[in-house]
Structures are given as C-alpha cells and as structure tokens.
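Below you'll find the structure, written out as structure tokens, and then a few comments.
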Number of protein chains: 2
Amino acid sequence: MARANPIDKHDERRRALADSALRTLGELGYARSSLREIANNSPFSHGVVHYYFSDKLELIVYGVRQYKAVCVTRYDGVVAGATTAGGLVSAFADKLCETIVDEAPMHRLWYDLRSQSMFEESLREAVQQIDHTLEDMVWRVVTRVAELAGTDVALTSHTVYGMFDGVFQQALLRYVAGQEREALDDLRTEVRALVPLTLGAGAPGAAGAAAVEVRATA
Amino acid sequence: MARANPIDKHDERRRALADSALRTLGELGYARSSLREIANNSPFSHGVVHYYFSDKLELIVYGVRQYKAVCVTRYDGVVAGATTAGGLVSAFADKLCETIVDEAPMHRLWYDLRSQSMFEESLREAVQQIDHTLEDMVWRVVTRVAELAGTDVALTSHTVYGMFDGVFQQALLRYVAGQEREALDDLRTEVRALVPLTLGAGAPGAAGAAAVEVRATA
DNA sequence: CGAAAATCTTGACACCTGCCCAGGAAAATC
DNA sequence: GATTTTCCTGGGCAGGTGTCAAGATTTTCG
C-alpha cells in the first residue's frame with residue numbers, strides 16, 4: 001500500500017498540531033495560551049512544537065491562517081444558490097448568525113489576534129492578508145446582491161467590509177457576554193437593513209435599495 | 001494654607017498612577033505590560049501599585065475608564081457648534097481622523113482590552129459600559145445631523161455605532177501599520193458617505209440623505 | 001535484521017510574572 | 001519634638017513562560 005509523501009506527512013502533522021492549538025487558543029485567547037496548555041489539550045507533548053514550528057507565533061499564525069482559509073469560503077454556497085437579492089441578503093444574515101453560534105471561540109481569537117497585530121509587528125502581515133480575504137468575501141456577497149437587484153454597490157469594498165465587520169464584532173461581543181438571543185436577532189435585522197444601504201439607486205424599477213429591503217424584511 | 005482632602009489626594013494619586021500606566025499599556029498592549037515595566041515608565045516603584053489598587057486588572061480598567069470618560073466628550077463641541085448637517089458630518093470625520101493621529105496608542109489599547117473581555121469575564125462589565133458611552137456619543141452626533149437635515153435616523157443607535165466603530169477600527173489598523181495617509185483619507189470619505197446613509201428620507205426638501213451628501217462632499 | 005533517519009518525550013535553563021510584606025521615609029497630628 | 005498615620009521602597013516568593021538539547025522511541029529502508 002502506497003505511503004504518503006514524507007513532506008505531506010510533515011505538513012499533515014503541522015496541520016493537526018495547529019488544529020489542536022486552535023481549540024485551546026479559542027478558549028483562552030492569545031495571551032493566556034501557553035505551549036504547555038496547548039499541548040495538554042492535544043495528543044502531543046509541549047516540546048514537539050519546536051520540531052514543527054520555529055516559534056509560538058508561527059504556530060498560532062499558521063493555525064489562524066488555516067482556519068480563516070476555510071472560513072472565507074463559507075459564503076460561496078449562499079452566493080451561488082441565491083436567486084433573488086432579498087433571499088441572498090437573508091441567507092447571508094443567517095450564515096453570519098450561524099457562524100457566531102458555531103464558532104464563537106474562533107472569531108474572538110481572530111479579533112484578539114488582530115488587536116495584537118497593532119502591537120506586535122510580526123503579526124501584521126498575516127493579519128492584513130486575512131483581513132483582505134475577508135473583505136473580498138463580503139464583497140462577493142454584496143456585489144452579487146447588487147447584481148440580482150439590477151444595480152451596483154455605491155461604496156468601496158473596504159468601507160463595506162468595515163461596517164459589516166463592525167456590526168459582526170458587536171454581535172460577537174454580546175453573544176459571548178451571554179446575550180445570545182439579542183445579539184443574533186439584532187445582527188440579523190442589522191444586516192438586512194444595511195445591505196440595501198450599500199446599493200446605488202439601481203437602474204430598473206424603483207430605488208434598488210428600497211426594493212431589496214422590502215423583500216428582505218418580508 | 002488649606003490642604004487637600006486626604007481622600008482627594010488618594011484619588012489624585014490613583015489617577016496619576018493609572019495615567020502613567022496608560023502610557024506603557026498603549027505602547028506594549030495589555031498582555032506585555034508587566035507591573036514592573038509600567039512602574040519603570042513612571043515615577044513610582046512597582047510595589048506601590050498594590051497600595052492603590054487591589055489588582056493589576058483594577059489599575060488597567062481604572063485607567064481606561066478614565067481615558068474614555070474624557071474621550072467621550074470630544075465630539076460635544078463639534079455637535080454644539082454645528083450649523084449645517086454637512087458641516088457637522090465633515091467636522092465629525094475630521095475629529096475622528098484627529099484622534100487617530102493624536103491617540104492611536106490609546107485606541108489600540110481599547111480594542112485590545114475589548115477583545116480580552118471576550119476571554120476574561122472580569123473585564124466585561126467595564127468594557128460594556130464604555131462601549132455604551134461610545135455608542136451614545138456617536139448617537140448624539142448622528143441625531144444632530146438628522147435634526148439639522150430635517151429628518152431622522154433610520155437605524156438603531158447600536159447599528160450605527162457598530163458600523164462606525166468598524167470603519168474606525170479598520171482605519172486604525174491601517175494607520176498603525178504605517179499606511180497613515182491612506183487610512184485617514186479613506187476614513188474621512190467613508191464617514192461622509194456613511195452618515196447620510198443612516199438618515200431616513202426626511203420631511204422637507206428632497207431625500208434627506210442626498211441633500212446632506214451634497215453638502216458633505218462639496 | 002540492523003543502521004540510519006525521523007519523530008517525539010522529558011527535564012532543565014534562564015527569565016519573567018503578579019503579589020505580598022517587612023521596614024523605612026515622609027507627613028500629619030498633637 | 002514626639003507620636004501616630006500615611007505612604008512608598010525594594011526584595012523575595014511561588015509559580016509560570018518560551019526555548020532548547022539530550023535521549024528514547026518509532027519509522028524507514030538497504
């Protein structure tokens with residue numbers, strides 16, 4: 001039986017280690033996660049980290065990169081399956097809520113790391129890259145909504161990302177603080193209210209924004 | 001000569017200590033700031049902290065609360081002095097840029113602390129309180145813009161805060177990462193574009209949003 | 001099988017952390 | 001000036017940190 005390429009095996013091990021680390025990091029945050037604690041919540045010993053990674057930081061960045069790489073594709077499905085602007089907006093809002101419920105620890109870790117990057121220069125490059133892929137992700141959603149609504153997006157992708165990231169972060173903060181219901185309900189209605197605002201006054205029919213909003217809140 | 005009330009003196013000392021601590025915290029972040037490092041960048045010794053504060057956390061929270069308390073009044077002047085909707089929007093945008101330039105370390109510390117609050121329960125109450133005062137602050141600005149434009153705000157204060165906090169944070173991230181010009185320019189135009197979007201279709205004249213936007217971008 | 005290479009464990013290292021406290025300086029009070 | 005109270009210092013403690021290296025263990029392969 002064919003064995004795996006040793007390089008693949010090495011990479012697979014890195015992935016597994018980083019994956020284990022993410023669980024602990026999501027629970028304790030960047031600052032409180034020691035390598036020993038990370039190793040305890042995993043099938044590895046604390047020393048093995050330096051066999052696969054040169055650094056604690058490299059391990060963490062590797063893990064978060066890995067996580068966000070799949071995270072970023074989460075909305076491709078809803079974009080592909082959408083048939084109406086309002087439907088896509090609702091689906092987008094629902095997915096955002098879903099990911100808060102399912103992966104709150106990972107999201108708070110991301111915001112933790114992003115904040116750390118303002119102090120730790122060595123984190124900046126990775127954070128900026130990830131932030132950019134996230135920006136692209138919401139841009140794909142919003143431009144598709146515009147397309148379905150027969151209009152275009154009236155704001156830059158950076159602006160759109162900033163505002164949605166902001167309301168998402170607020171929802172996460174509330175959710176983690178125990179106000180789960182409120183956080184999710186508000187996030188849903190906020191997204192449905194905000195997406196139409198990003199659209200220009202469209203070509204066909206009435207004002208694109210208003211038209212989408214009606215369907216979204218229906 | 002009259003001496004100060006001993007309680008006032010005690011409080012004054014606390015304030016001074018917390019103030020010194022903020023400088024270090026803004027430079028190193030929450031995780032890297034040790035009490036010894038904080039004391040080194042101050043006229044105090046590391047032991048005195050436990051004379052005025054029970055805890056490292058209490059010191060930090062006290063300091064950030066103190067800072068944000070004055071921070072929150074920074075826009076009252078521009079609100080009071082505004083005579084037109086567009087003028088207020090521009091002044092608001094300018095002030096936001098100004099505070100990034102002048103106090104980037106404090107802002108990144110705030111975001112750091114807010115992220116930490118998602119892991120550290122004992123931070124949550126203070127963070128939520130501060131976040132609420134910030135929300136009120138931008139709400140005062142936006143409602144005044146609406147008033148001047150003869151319309152009202154079409155979103156909740158929580159939503160409005162979320163979106164502006166988001167674009168502000170993005171600007172801060174870029175600014176700290178060295179893209180100062182780009183960050184400030186984008187933030188200014190983003191704020192001028194977004195504020196009108198928060199307004200309802202006003203009573204007098206044309207659509208309130210459009211009317212404000214014209215003056216803002218003039 | 002046996003040697004060589006890889007993977008992993010364990011324990012140690014130098015250092016740093018928050019916190020506490022004995023003792024002394026300074027100030028206030030009488 | 002003496003005494004009491006307030007204020008502050010600096011050292012020490014117990015525990016935790018990232019990193020590393022030497023050895024054990026496993027895997028690979030001639």
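Letters A, B, ... mirror the listed sequences (proteins, then strands); counts begin at 1.
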Inset, instruction - Decide side chain to side chain donor-acceptor pair (under 3.5 Å) for A:H158 and B:E190; before the verdict, give the C-alpha distance in whole Å, the side-chain angles of both, and the deciding distance to 0.1 Å. - result: CA-CA 9 Å; A:H158 185 257; B:E190 280 168 349; 2.8 Å; yes
Inset, instruction - Show your working on side chain to side chain donor-acceptor pair (under 3.5 Å) between A:Y111 and A:D165 and close with a plain yes or no. - result: CA-CA 10 Å; A:Y111 286 115; A:D165 185 62; 2.7 Å; yes
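The distance between atom CG of A:D55 and atom C1' of D:dC20, rounded to the nearest whole Å, is 13 Å. Between the NE2 atom of B:H50 and the P atom of D:dC13 there is a distance of 18 Å, rounded to whole Å. When the P atom of C:dA27 is taken as reference, atom NE2 of B:H10 falls 17 Å away, rounded to whole Å. Protein atom CG of B:L57 is 10 Å distant from nucleotide atom P of C:dG18, rounded to whole Å. Regarding A:E58, its CD atom lies at a distance of 15 Å from the P atom of D:dG18, rounded to whole Å. Taking atom CZ on B:R14 and atom C1' on D:dC7, their separation rounds to 15 Å, with Å as the unit. If you take CD1 of B:I38 and P of C:dC19, they are 11 Å apart, rounded to a whole angstrom.
Under the Watson-Crick or G-U wobble criterion, with both distances below 3.5 Å, C:dC30 is paired with D:dG1.
Both cation-pi conditions hold for B:R14 and B:Y62: the charged atom is under 6.0 angstrom from the six-membered ring centre and inside a 45 degree cone around its axis.
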Legend entry - B/S/- contact track for nucleotides 8-17 of chain C, protein heavy atom under 4.0 Å: SBBBB----S
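Evaluation of the side chain to side chain donor-acceptor pair (under 3.5 Å) rule for A:R36 yields no partner, not counting sequence neighbours.
In the model, B:Q170 has no side-chain atom that pairs as donor or acceptor with a side-chain atom of B:D186 under 3.5 Å.
Under the 3.5 Å distance criterion, the side-chain polar atoms of A:R174 are left unmatched by any main-chain donor or acceptor of A:Q179.
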